[in-house]
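Step one of this worksheet: look at the structure below.
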Amino acid sequence: VFAALDHFTPNLTPVREALLRSGSDFSLHFKSSDPTQPYRFPIRAISGIAAHFHTRALTHIALKQGDRAAAEFENLFHLSRHAKAQPMLMGFAIELMIRAMAVNVLREGLAAGVWKETELSRIDAAFADVHLLESLQFAMRAERAALNHWLDAVLVTKDSDARLAIHKF
């Protein structure tokens, strides 16, 4: 498993380094085929990185390497903070997905008995910073503001097709 996962190490090394920096907002190269969408949350990239960390953590657990599994767990939590910083419902959904992966790692490690007290303390500290309702409220406010801005922009346009579409909406 590690041999297959190590294939991605050169691409993930800058991501891991950025995740460890406080307040880091690493860039993910993302191509959009739609020129009207200059920015879209890179769901596939974030999900793939999370799945990579999750798989590595579970493999370390299977090998009874709790310290290494805890490091991958922390990578998941750092990645979820990046998703949390995205002020839309999609960012919240990605944050929730990554947190669920982290909970799965915690559960599997507990079931396998691989966690030492120091690792459990690190995991506990990571969970102390989780406030999902606040994240959801932030995402919903941003989503509403974006929709209101879009509606205002469409309603002031002289394009009759766009105005008709919004009235049907």
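Predicted model, so just to flag it, every value in this text is computed and none were measured. Below, all heavy atoms of this structure are taken into account, side chains as well, without hydrogens, waters or symmetry copies.
What you find for Ile94 and Ser47 is that their closest heavy atoms are CD1-OG, 4.0 Å. Ile61 and Val105 get closest at one heavy-atom pair: CD1-O, 3.4 Å. Taking both residues in full, the closest heavy atoms of Arg99 and Ser80 are given as NE-OG, 3.0 Å, listed atom of the first, atom of the second, then distance. Pairing each heavy atom of Ala57 with each of Ala69, the nearest pair is O-CB, 3.7 Å.
The pair Glu72-Arg68 fails the salt-bridge criterion, with no side-chain N (NZ, NE, NH1 or NH2) lying under 4.0 Å from an Asp/Glu carboxylate O.
With hydrogens and angles disregarded, a donor-acceptor distance shorter than 3.5 Å links the side chain of Glu119 to the backbone of Asp67. Proximity of a side-chain donor or acceptor of Lys64 to a complementary backbone N or O of Gly113 within less than 3.5 Å is not detected.
Of the inter-residue distances, the one linking Asn148 atom CG with Arg144 atom CZ reads 6.0 Å to the nearest 0.5 angstrom. Rounding to the nearest 0.5 Å gives a distance of 9.5 Å between NE2 of His52 and CD1 of Ile49. With rounding to the nearest 0.5 Å, the separation of CG in Asp124 from CD in Glu117 is 9.5 Å. Interatomic distance, NE2 of His54 versus CG of Leu76, reported as 7.0 Å (0.5 Å rounding). Summarising the geometry, atom NE2 belonging to His131 is positioned 12.0 Å from atom CD belonging to Gln137; distances are rounded to the nearest 0.5 Å. Taken from CD1 in Ile123 to OG1 in Thr118, the straight-line distance is 9.5 Å, to the nearest 0.5 Å.
For the pair Val130 and Phe77, the minimum side-chain heavy-atom distance is below 4.5 Å. Taking 4.5 Å as the limit, some side-chain heavy atom of Leu106 sits within range of a side-chain heavy atom of Trp115. Under the 4.5 Å side-chain criterion, counting only non-hydrogen atoms from C-beta, Leu136 is not in contact with Leu96.
Considering only residues two or more places apart in sequence or on other chains, Glu74 meets the salt bridge (charged side-chain N to carboxylate O under 4.0 Å, His left out) condition with Arg122.
A ring-centre distance under 6.0 Å is found for Phe73 and Phe127.
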